S.K.: 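Here you go, one structure.
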Amino acid sequence: MVNFFSEPILALETSCDETSAAVLFGRKVLSNVVSSQATLHEKWGGVVPEMAARAHVEAILPVIQEALLNANMNLAEIKGIAVANRPGLVGSLSIGVCAAKALAMSLDTPLIGVHHLEGHILSVLADVGQSTLFSLDRFPHLCLMVSGGHTELVEVICPCQYKLLGQTLDDAAGEAFDKSARLMGLGSGGGKAIQEASFGGDPNRYSLPRGLLRDPYNFSFSGLKTAVLRLIEQQVETIVLKDLAASIQEAVAEVLAQKALYAAKEQKSKMLTLVGGVAANKRLRELLTLGCHQLGIEFYTPPFELCTDNAAMIGVVGSIRLARGEKDGHGMDTLANAPLP
Ligand code: KG4
Ligand code: ZN
């Protein structure tokens with residue numbers, strides 16, 4: 001059985017270029033405010049760590065205030081603070097962590113540091129008023145976690161207990177989308193821009209590599225961006241953008257779906273979950289919905305707003321860990337890299 005902290009908590013997420021604050025009561029998300037820095041980094045072609053940290057400093061207090069306002073609560077009613085403290089950009093993480101420590105100290109409430117990827121994995125539990133809630137008895141299950149920095153297949157034994165089955169050996173799936181989008185002149189729009197550009201495109205028009213198909217649980221996406229670069233260089237005059245976008249999307253989604261479904265079958269999983277920013281991809285959702293149906297296993301993916309970085313998912317983990325009596329001291333660190341707990 002999964003237990004949640006029985007009082008309202010405030011959660012913060014600043015691991016990369018999104019400043020987010022959420023208020024939760026148990027798994028119920030009372031508010032979830034996300035302020036994105038995407039336009040700030042646009043012209044640099046990627047996230048600039050120093051600029052990201054400074055933007056978090058400016059955004060953190062207004063975002064917290066908005067989260068409290070949307071939840072119709074004041075600070076005195078908050079009885080616990082959860083914050084993403086690893087892995088991520090250390091400068092960015094430390095803004096959320098400093099704010100969390102200051103709040104926990106002044107409110108005299110427990111503080112808990114949360115692993116960002118554990119947040120993605122347990123984002124399925126968050127209740128944002130969606131029509132189908134993830135049933136709390138669906139453990140163990142298999143999780144495909146796909147974001148801008150990570151691509152992992154994880155057996156979720158129960159909340160807080162995980163077994164890593166496989167991961168990318170080079171680029172993450174989201175990184176493949178992000179780099180391809182830039183090569184195609186779609187700026188920093190990443191996977192979302194490729195998905196939009198692929199509308200009406202032919203996914204079989206360009207033949208793109210499917211990496212590491214013989215290694216069942218690990219992934220490789222670095223060959224894809226090189227192939228996209230070559231294709232653009234060689235056919236710059238004739239390239240059909242929507243066909244290229246559809247072909248890239250198909251290459252990424254097909255490999256992810258194929259490996260996740262194979263793992264689900266091998267592990268005799270009764271359920272597969274899809275989480276992280278790339279989980280917002282409609283083609284990937286479609287392939288997994290169909291594949292799971294054919295295998296006779298359940299498939300669950302959270303609503304879009306819980307897929308990309310957000311504080312609600314950090315709050316879910318925080319609420320579970322606080323309910324178990326766990327807490328961190330005010331000397332809690334931030335870490336650029338950290339294995340799953
Ligand atoms: O989880 P997330 O917000 O941040 C990280 O923890 O990295 O994931 C961001 C990633 C980016 O690489 C972005 O291109 C990708 O999620 N993404 C998508 C879509 N929306 C966001 N990829 C494919 N299709 C989408 N619709
Ligand atoms: Zn993330």
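Numbering of ligands and ligand atoms starts at 1, following listing order. Keep in mind that what you see is a predicted model, and the values were worked out from it rather than measured.
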S.K.: Take atom CG in N74; do more than 12 heavy atoms of anything else shown fall under 6.0 Å from it?
M.R.: yes

S.K.: Heavy-atom contacts with T308 under 4.0 Å: which atoms of ligand 1 show up? List them by number with element.
M.R.: 3 (O)

S.K.: Tell me: protein heavy atom nearest atom 12 (O) of ligand 1, and distance?
M.R.: D178 OD2, 2.8 Å

S.K.: For ligand 1, is any non-hydrogen atom under 4.0 Å from H120's backbone (N, CA, C, O), its side chain (CB onward), both, or neither?
M.R.: side chain

S.K.: Using a strict cut-off of 4.0 Å, indicate which atoms of ligand 1 neighbour a heavy atom of G149.
M.R.: 7 (O)

S.K.: Who's the nearest protein heavy-atom neighbour of atom 22 (N) of ligand 1, and how far?
M.R.: G191 CA, 3.3 Å

S.K.: Quick one: does any side-chain atom of T14 pair with a main-chain N or O of S92 as donor and acceptor, under 3.5 Å?
M.R.: yes

S.K.: Ignoring hydrogens, just give me the one of V34, D309, V146 whose non-hydrogen atom is nearest atom 5 (C) of ligand 1.
M.R.: D309

S.K.: In the protein, what heavy atom is nearest to atom 7 (O) of ligand 1, and what distance, to one decimal place, separates them?
M.R.: G148 N, 2.8 Å

S.K.: Whether the N70 and S31 side chains hold a donor-acceptor pair (N or O, under 3.5 Å, no angle test) is what I'd like checked.
M.R.: no

S.K.: Taking 4.0 angstrom as the limit and counting only heavy atoms of G190, give me the atoms of ligand 1 inside it, by number and element.
M.R.: 14 (O)

S.K.: Verify the distance criterion only: is there a donor paired with an acceptor across the side chains of Y217 and Q267 at less than 3.5 Å?
M.R.: yes

S.K.: At a 4.0 Å threshold, what atoms of ligand 1 neighbour a non-hydrogen atom of G174?
M.R.: 12 (O)

S.K.: Identify, with sequence neighbours excluded, every residue that meets ring-ring contact (aromatic ring centres under 6.0 Å, His included) alongside Y262.
M.R.: none

S.K.: Under 3.5 Å, side-chain donor or acceptor atoms of residues 114-125 against the rest of the protein: list the pairs with distances, not counting sequence neighbours.
M.R.:
| residue | atom | partner | partner atom | Å |
| --- | --- | --- | --- | --- |
| H115 | ND1 | L117 | N | 3.1 |
| H115 | NE2 | A338 | O | 2.9 |
| H115 | NE2 | P339 | O | 3.2 |
| H116 | ND1 | E13 | OE1 | 2.9 |
| H116 | ND1 | S15 | OG | 3.3 |
| H116 | NE2 | H120 | NE2 | 3.1 |
| H116 | NE2 | D309 | OD1 | 3.1 |
| E118 | OE1 | R321 | NE | 3.3 |
| E118 | OE1 | R321 | NH2 | 3.3 |
| E118 | OE2 | Y162 | OH | 2.7 |
| E118 | OE2 | R321 | NH2 | 3.1 |
| H120 | NE2 | D309 | OD1 | 3.0 |
| S123 | OG | H120 | O | 2.6 |

S.K.: Keeping waters out of it, list the protein N, O or S atoms under 2.8 Å from the Zn ion (ligand 2).
M.R.: H116 NE2, H120 NE2, D309 OD1

S.K.: Is it true that D127 and R27 have a side-chain N and a carboxylate O under 4.0 angstrom from each other?
M.R.: no

S.K.: My understanding is that only residues two or more places apart in sequence, or in another chain, count here; which of them pass ring-ring contact (aromatic ring centres under 6.0 Å, His included) with Y300?
M.R.: F134

S.K.: Mind listing the closest non-hydrogen atom pair of I297 and M271 along with its distance?
M.R.: CB-N, 4.5 Å

S.K.: Under a single-linkage definition using a 4.5 Å side-chain heavy-atom cutoff for Ile, Leu, Val, Met, Phe, Trp and Tyr, are V29 and V34 assigned to the same hydrophobic cluster?
M.R.: no

S.K.: If you compare all heavy atoms of S198 against all heavy atoms of Q249, which two are closest, and at what distance to 0.1 Å?
M.R.: OG-NE2, 3.4 Å

S.K.: Counting non-hydrogen protein atoms only, what is the nearest one to atom 17 (N) of ligand 1? Give residue, atom name and distance.
M.R.: G277 O, 3.5 Å

S.K.: Judged by non-hydrogen atoms, does C16 sit under 4.0 Å from ligand 1?
M.R.: no

S.K.: Looking at F5, does the NZ or CZ of K79 lie under 6.0 angstrom from its six-membered ring centre and within 45 degrees of the ring axis?
M.R.: no

S.K.: Check each atom of ligand 1 against the heavy atoms of S147 and keep those under 4.0 Å away; list them by number with element.
M.R.: 1 (O), 5 (C), 6 (O), 7 (O), 8 (O)

S.K.: If we only count N/O pairs under 3.5 Å, is E18 in contact with ligand 1?
M.R.: no

S.K.: For atom 26 (N) of ligand 1, which candidate among Q249, K282, Q195 holds the nearest heavy atom?
M.R.: Q195

S.K.: Provide the number and element of each atom of ligand 1 under 4.0 Å from a heavy atom of A280.
M.R.: 20 (N), 26 (N)

S.K.: Are S220 and D170 linked by a side-chain donor-acceptor pair shorter than 3.5 Å?
M.R.: yes

S.K.: Salt-bridge test for K192 and E196: reply yes if a basic N is under 4.0 Å from a carboxylate O, no otherwise.
M.R.: yes

S.K.: Which heavy atom of the protein is the closest neighbour of atom 24 (N) of ligand 1, given with residue, atom name and distance?
M.R.: N281 ND2, 3.1 Å

